[in-house]
Amino acid sequence: MIRVIYRWTVKPGDEEHFVRDWQAGTRKIQDNCAGAHGSFLIRDRKNREHFFGVARWESGKAWRAAQPVMMGLGLRGPMPESAEFYDELAEMLPTAES
């Protein structure tokens, strides 16, 4: 699994509209893109204009394969300004049951 962290800068007053568009878009992605395992949205505590979407994907390969599908979904709102990729480690750590 990987995590992709996207960043947007949202103008004051546009936050509610942005969040609605993000919610609809992330549902469309999860419903239509193989390997998408959901996401959540967070907001910077210091710079309130910065929003971050943290998405979980099966792999980088799945994320790349989903790009043309996402472009065809008619997602509303701005494109992310950046995307950073991280390996998810939770699956690699021993559990209490191990």
Side-chain angles (χ1 to χ4, degrees):
M1 291 286 178
I2 65 166
R3 295 283 179 155
V4 183
I5 301 178
Y6 304 95
R7 183 176 71 95
W8 295 267
T9 301
V10 179
K11 294 178 185 174
D14 290 346
E15 299 94 345
E16 192 174 315
H17 188 76
F18 170 78
V19 170
R20 279 196 310 267
D21 286 345
W22 180 88
Q23 288 171 328
T26 199
R27 278 192 297 273
K28 280 185 176 182
I29 291 168
Q30 193 168 0
D31 289 346
N32 293 282
C33 296
H37 289 273
S39 60
F40 58 89
L41 187 65
I42 56 178
R43 189 175 191 180
D44 193 307
R45 296 180 94 189
K46 293 180 183 174
N47 185 342
R48 302 297 286 168
E49 294 182 355
H50 287 171
F51 287 76
F52 299 88
V54 182
R56 188 175 196 216
W57 285 87
E58 188 68 36
S59 65
K61 182 178 179 179
W63 181 88
R64 286 187 298 279
Q67 295 310 296
V69 177
M70 285 192 277
M71 291 299 158
L73 292 177
L75 302 176
R76 297 174 54 128
M79 293 291 291
E81 298 163 359
S82 65
E84 303 278 338
F85 295 80
Y86 300 88
D87 292 322
E88 186 174 307
L89 300 179
E91 294 177 346
M92 297 159 59
L93 299 175
T95 64
E97 299 167 359
S98 299

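- In this structure, the ring of Trp63 has its center less than 6.0 angstrom from the ring center of Phe85.
- Distance alone, capped at 3.5 Å, places no donor-acceptor pair between the Asp14 side chain and the Val10 backbone.
- Ring geometry for Trp8 against Tyr6 counts as tilted: the plane angle lies between 30° and 60°, on a 0 to 90° scale.
- Put simply, the side chain of Gln23 never gets that close to the backbone of Asp21: no donor and acceptor are under 3.5 Å apart.
- Minimum heavy-atom separation, Gly25 to Leu75: CA-CD2, 3.7 Å.
- Here the side chain of Glu81 pairs a donor or acceptor atom with the backbone of Thr9 at under 3.5 angstrom.
- Between Trp57 and Ile29 there is a side-chain heavy-atom pair separated by less than 4.5 Å.
- At least one side-chain heavy atom of Phe18 sits less than 4.5 Å from a side-chain heavy atom of Leu41.
- Inter-residue side-chain proximity for Met1 and Glu58 is flagged as met; some heavy-atom pair is nearer than 4.5 Å.
- Judged by distance alone, with hydrogens and angles left aside, the side-chain atoms of Arg43 form a donor-acceptor pair with the main-chain N or O of Arg48 at under 3.5 Å.
- Residues Lys11 and His17 fail the side-chain proximity criterion, which asks for heavy atoms closer than 4.5 Å.
- Across Gly38 and Gln30, no two heavy atoms sit closer than the pair CA-OE1, 3.4 Å.
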